[in-house]
Every structure is written in C-alpha cells, then in structure tokens.
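Here's the structure we're looking at; comments come further down.
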Amino acid sequence: MVTRTGEGAPRVATESRPIPPGSVDLADFVGESMLLLGAGATVLLQLAERGVGHGVAEHSTTLQRPLDRLRTTMTYVYAVTLGSPEEKQQIVRMVNKAHVPVHSETYNAFDPELQLWVAATLYRNGAEMYSRMFGELGDNDLEHLYRQSAVYGTALQVKEHMWPATRADFEAYWDEKIASFEVDAKVRAFTRHLLSGGDAPLAVRALMPVQRFMTIGLLPQRLREEFALPWSRRDQRRFDLFWKVFPPLYRLVPRPIRQLSATYYLRDMRRRMAAQQHLI
C-alpha cells in the first residue's frame, strides 16, 4: 500500500501481504505498475469518444513522441492522486495552460463531458487491473475507490455532480457510452499508427506486439469491431492463459519494485518542477 509522508511524497510499504478489506486506497491502484498493462486499452476507450478521438488525432504529438506523452499522462495521474496539494495545483495549472490552444469543430479540451469520459476510463482501468491481479474487492473498498476516482475529472473542469452518484449509475453511464460509439476512418488510422509504436525508439516498437495484444484483449468486443481490430478464439485462449499465469507471479514481486513506475515519474516530476523545466 502507498501511504504519505508529511511532505506529500509517497512512501511505499515494504510488506507483500494482501491488503485487508476496507483499507484499499486509490493510491494502491495508482502506485502499481500493473496499470500500464491496461494503458493501451484505456487510451483506445478514450479515442472511441469522437470528440476525444478527433482532438488527439488532430492535435496530439503522441505518434511523434509516444514516450513523452506517456510521461505527461502518468505525471498528471500520479500528481493528482499521490502528490502534495501544491503539486496537484501546479500540475492542474500546467494541464489547463496546455489545453488552451487545443480545440476544433468537434473537440474542446475544456469540455467537461469529454473530461468525464476520460476520468471514467482511468477509474475503470484501475478497478479492472486491480481485480485481475488481486481478486475482486468488497463493496466498501469499491465504494471508497469509486468516490476517490472522481478526482481524475474534478481536478480539471468536471463538476462534482457530474460524477455518477452511485456505482450502478456509473455502470449505466458506461454501458450507454460503449453502445453509442462509432469510430471513424480518421481515428482508426491514428489507432493503427499508435499500435505500431509511432516514432518511438526501436526497443519500444519491438515491444508493441505485446502491448497491442493486451490492448485489444482488454477492449469490449464492440469496440474491437469499431476499431477494426482482429481478435480470434486463439487470441482469447492466449489472453485467458496470460491472466491465469501472470497475476500470481506479479504478486510475488515486492511492492517497492512493483511501484517503481510511480516512484520514477514522481521523482521526475519533482526534479522538473524544481528546475522549472517543461512538464506538460
């Protein structure tokens, strides 16, 4: 579990015992590197929303600088969940400043409805990855985490009342969104380039088949079809086998090692802030 020091910096507990019911915090999701396995599916879920998809395809530098865009996304996630209040305020100001020029006929980076969907995908990814790795959570933990996860959107332009009032309301909102998406040729083309690695270094592109496989496997079938991403019965068997074999191995890894990604990005964020370097 991740706890906090007086300065707001995360301190990673060294024990590897299961977290007892009623004590799971959003930091337990965010600190785990397992979330990166679901990052690709989370991005595609966001792109399926037409406004977000067009905004990213038209304005994002993800294809040219995929690692840098991953860094900025994870910096935001870690800052608003694990950072100090001052760090959270600073990263939000930077995100808002970066969003000012990002708009078109179909997209406005300040649109709270689009930000709500992005926040919903971040919550859903955390919940699904955690349950796959550690087992289903109890109602108290799920409710606590659901309430906390609103921060992904409310840190920006999403109003508190926009976050669905109950988890049942969220599921209805989620199902309605998934059923309504229609992915067009522009977003499909962008997605194909994205899943090939864009202009990432060769070592990263070499790992893209694994990331592509995990991304497609975690998507709802309807969105696989909307994105025109192939998925066979053999793929599904391999995917199911992975999720039988990998979680027990992952749980054997000490938490400080499992949470190296959070440690790295937070240190990088603080170093850049101290040096007044570009963050977003």
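The two residues L35 and M129 have their closest heavy-atom pair at CD2-CB, 3.9 Å. Heavy atoms only, all atoms of each residue included: L137 and L142 are closest at O-CD1, 3.5 Å. Here the closest non-hydrogen pair linking V92 and A155 is CG1-O, 3.3 Å. Scanning all heavy atoms of the two residues, the minimum distance from L229 to R212 falls at CD2-NH2, 4.2 Å. Considering every non-hydrogen atom in both D184 and R50, the closest pair reads OD2-NE, 4.2 Å. Minimum heavy-atom separation, F181 to E49: CE2-CA, 3.5 Å.
In the hydrophobic clustering of this structure, M208 does not group with F190; members are Ile, Leu, Val, Met, Phe, Trp, Tyr whose side-chain heavy atoms approach within less than 4.5 Å, directly or through other members.
The ring of Y123 has its center closer than 6.0 angstrom to the ring center of Y146.
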Q236 and S232: CA distance, side-chain angles, deciding distance, side-chain hydrogen bond (donor to acceptor under 3.5 Å, both in side chains) verdict:
CA-CA 6 Å; Q236 187 63 50; S232 66; over 6 Å; no
Is there a side chain to side chain contact (heavy atoms under 4.5 Å, CB included) between Y78 and Y264? Walk through the geometry before answering.
CA-CA 10 Å; Y78 292 137; Y264 168 77; over 6 Å; no
Would W231 and Q221 satisfy side-chain hydrogen bond (donor to acceptor under 3.5 Å, both in side chains), going step by step from the backbone distance to the final call?
CA-CA 9 Å; W231 188 253; Q221 177 58 29; 5.5 Å; no
Derivation of the side-chain hydrogen bond (donor to acceptor under 3.5 Å, both in side chains) call for E86 and Q90
CA-CA 6 Å; E86 294 76 16; Q90 189 168 348; over 6 Å; no
Does the salt bridge (charged side-chain N to carboxylate O under 4.0 Å, His left out) test come out yes or no for R132 and E128, once each step is laid out?
CA-CA 6 Å; R132 283 180 177 273; E128 178 168 358; 3.1 Å; yes
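A salt bridge is absent between D240 and K244: the closest approach of a Lys/Arg side-chain nitrogen to an acidic carboxylate oxygen does not fall below 4.0 angstrom. At a threshold of 4.0 Å, the pair R147-E160 does not count as salt-bridged, since none of the basic side-chain nitrogens sits closer than that to a carboxylate oxygen.
Around atom CZ of R233, no more than 12 heavy atoms belonging to other residues, nucleotides or ligands sit under 6.0 Å away. Within a 6.0 Å sphere centred on CD of E182, heavy atoms belonging to other residues, nucleotides or ligands number 12 at most.
Side-chain contact between E113 and M162 is present, with heavy atoms from C-beta onward closer than 4.5 Å. Contact of the L82 side chain with the V77 side chain is not registered, since no non-hydrogen atoms from C-beta on lie closer than 4.5 Å.
Taking the centre and axis of the six-membered ring of F213, the NZ or CZ atom of R238 falls inside the cone set by 45° and 6.0 Å.
Taking the six-membered ring where tryptophan is involved, the planes of F134 and Y130 are tilted, since the angle between them lies from 30° to 60°. Using the six-membered ring where Trp is involved, Y250 and F246 have ring planes that are tilted, between 30° and 60° apart.
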